Every structure is written in C-alpha cells, then in structure tokens.
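Notes follow once the structure below has been shown.
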Amino acid sequence: MGKKAAHITVPIRYPVGGIRTYLKYTYGKLDHERYSFTLIGPSRNWLERIRADLDQYEVDIVCSSKEDNNLAFFSAIAGSFFKKKPDIIHSQGYTAGLLSILANIPFGLPHMITLHRTFRTRSIFKHFLG
C-alpha cells in the first residue's frame, strides 16, 4: 500500500439519498489505498449508509451531539479538524459549507463546496424581493 494521497473531511448537514449517491460515485472512483475520509453529520444512520458505499476506504464518522442544532454541527466540524487534520474539506450543501468556512478560519485548509440545488431566476428574485 502506498502513502495516503489525501484525507478528505466531508461535512454533510443533510446526508440524504442524493448526496449519498453523489459521494458514492464521485469518491468511489478514487484509489482506495490512497484516500481516506471523515464524514461529519447529525445522523449516524445516514453516515453509516455512506460508509457502507465506501467500504473499500478508511472512513471515520463524527456525529454532532444534536440532530437539529447547527451549533452542535459546527462544534463537530471544528473538533474533527483538531483530531485528524484534513488535506481538504469538501462540504455538501449551503449549511455545511458556511459552518465549515467558519470552523476553518484558524486552520486555513483548502475547502470546496458542492451545492446540491439548482438556481432559477424566478426563485432568486422571489427570495430576495419577497
């Protein structure tokens, strides 16, 4: 087995089916001997399902202490950076992305965000203009 290329931390505020499928097919193409992951989210059940999809990889799971609490989710993200510093953060969605940006301020780690939503002109104007 070669040296690990990267440890990827993946905060997921709402780890439901579409994100699970996205991660399975995106990360499933990486060399399982070179990449490892930390999945962070509020639901151990969903994170275990994602781990099962990535069963060839080394995958750690970090759950926030409360399912519907962004402060607990933020604490889980920040705490995970101290325990196992990632090479990159790959947030899934707005909330995970924003909280990861804040948790990452003292670390300055590379960070990318995947948004699982489409934007339509009408919905954007409606959102901002009521």
Side-chain angles (χ1 to χ4, degrees):
M1 181 163 103
K3 183 181 182 303
K4 293 280 186 207
H7 180 76
I8 304 169
T9 293
V10 187
I12 314 165
R13 181 66 180 95
Y14 303 102
V16 293
I19 291 174
R20 175 184 170 195
T21 302
Y22 172 81
L23 294 175
K24 176 180 179 178
Y25 290 113
T26 301
Y27 291 154
K29 303 292 183 194
L30 298 176
D31 182 346
H32 68 274
E33 292 186 2
R34 299 190 68 208
Y35 292 86
S36 62
F37 303 94
T38 296
L39 304 175
I40 306 168
S43 169
R44 178 166 289 282
N45 183 35
W46 274 104
L47 295 177
E48 290 290 352
R49 290 178 188 185
I50 295 169
R51 184 195 312 209
D53 290 338
L54 301 172
D55 64 345
Q56 294 183 337
Y57 299 88
E58 178 186 320
V59 179
D60 298 320
I61 289 181
V62 175
C63 286
S64 57
S65 59
K66 299 176 184 172
E67 277 214 26
D68 224 11
N69 185 302
N70 284 334
L71 185 57
F73 186 53
F74 170 82
S75 295
I77 295 167
S80 76
F81 295 165
F82 284 104
K83 290 180 184 171
K84 192 170 193 175
K85 184 178 172 187
D87 294 293
I88 190 165
I89 305 160
H90 184 194
S91 300
Q92 303 298 311
Y94 292 112
T95 305
L98 179 60
L99 295 175
S100 295
I101 287 169
L102 296 173
N104 190 29
I105 289 171
F107 299 94
L109 300 166
H111 181 207
M112 66 180 178
I113 302 170
T114 298
L115 302 177
H116 298 270
R117 186 177 183 145
T118 59
F119 294 99
R120 288 176 271 157
T121 305
R122 175 176 279 162
S123 64
I124 291 171
F125 286 122
K126 185 177 181 180
H127 177 76
F128 289 107
L129 302 176

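Because the structure is predicted, anything quoted here is derived from the model rather than measured.
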Report summary line: Output for pair (Thr38 OG1, Lys85 NZ), nearest 0.5 Å, gives 14.0 Å
Query raised in the report: Do other residues, nucleotides or ligands put more than 12 heavy atoms under 6.0 Å from Lys84 NZ?
Result: yes
Query raised in the report: Do His111 and Leu109 come close enough that some side-chain heavy atom pair is under 4.5 Å?
Result: no
Report task. Indicate, with yes or no, if Ile113 and Phe107 share a hydrophobic cluster defined by side-chain heavy-atom contacts under 4.5 Å among Ile, Leu, Val, Met, Phe, Trp and Tyr. Result -> no
Query raised in the report: Considering only heavy atoms from C-beta outward, does the side chain of Tyr14 approach that of His116 to under 4.5 Å?
Result: no
In residues 70-83, what donor-acceptor pairs under 3.5 Å come from side-chain atoms, sequence neighbours left out?
{"unit_1": "Asn70", "atom_1": "OD1", "unit_2": "Arg13", "atom_2": "NE", "d": "2.7"}
{"unit_1": "Ser75", "atom_1": "OG", "unit_2": "Leu71", "atom_2": "O", "d": "3.1"}
{"unit_1": "Ser80", "atom_1": "OG", "unit_2": "Ile77", "atom_2": "O", "d": "2.7"}

Report task. Determine whether Ile8 and Ile61 fall in the same hydrophobic cluster, where Ile, Leu, Val, Met, Phe, Trp and Tyr are linked whenever their side-chain heavy atoms lie under 4.5 Å apart. Result -> yes
Query raised in the report: In terms of hydrophobic clustering (I, L, V, M, F, W, Y; side-chain heavy atoms under 4.5 Å; direct or indirect links), are Ile88 and Ile40 co-clustered?
Result: no
Query raised in the report: Given side chains that start at C-beta, do those of Arg49 and Asn45 come closer than 4.5 Å, heavy atoms only?
Result: yes
Report summary line: Minimal heavy-atom distance between Ser100 and Pro11, with the atoms involved, is OG-CG, 3.1 Å
Query raised in the report: Would you say Leu47 and Val59 make side-chain contact, with heavy atoms under 4.5 Å?
Result: no
Requested in this report: List the steps and the verdict of side-chain contact (heavy atoms from CB on, under 4.5 Å) for Asp53 and Leu23.
Outcome: CA-CA 9 Å; Asp53 290 338; Leu23 294 175; over 6 Å; no
Query raised in the report: Which pair of heavy atoms, one from Ser91 and one from Ala96, lies closest together, and at what distance?
Result: OG-O, 3.5 Å
Query - Nearest-0.5 Å distance, OG1 of residue Thr26 to CD1 of residue Ile19 - result: 11.5 Å
**Report entry** Derivation of the side-chain contact (heavy atoms from CB on, under 4.5 Å) call for Leu30 and Tyr57
**Finding:** CA-CA 9 Å; Leu30 298 176; Tyr57 299 88; 4.0 Å; yes
**Report entry** Leu98 CG to Ile101 CD1 distance, which is reported to the nearest 0.5 Å
**Finding:** 6.0 Å
Query raised in the report: Quick one: does Ile50's side chain get under 4.5 Å of Phe37's, heavy atoms only?
Result: no
**Report entry** CD1 on Ile89 to CE on Met112, rounded to 0.5 Å
**Finding:** 10.5 Å
Query raised in the report: Is the shortest heavy-atom distance from the side chain of Val10 to the side chain of Tyr27 under 4.5 Å?
Result: yes
Query raised in the report: How far does CD of Gln92 sit from CZ of Arg20, to the nearest 0.5 angstrom?
Result: 14.5 Å
Query raised in the report: Do Tyr35 and Tyr25 sit in the same hydrophobic cluster, where Ile, Leu, Val, Met, Phe, Trp and Tyr count as joined when their side-chain heavy atoms come under 4.5 Å apart?
Result: no
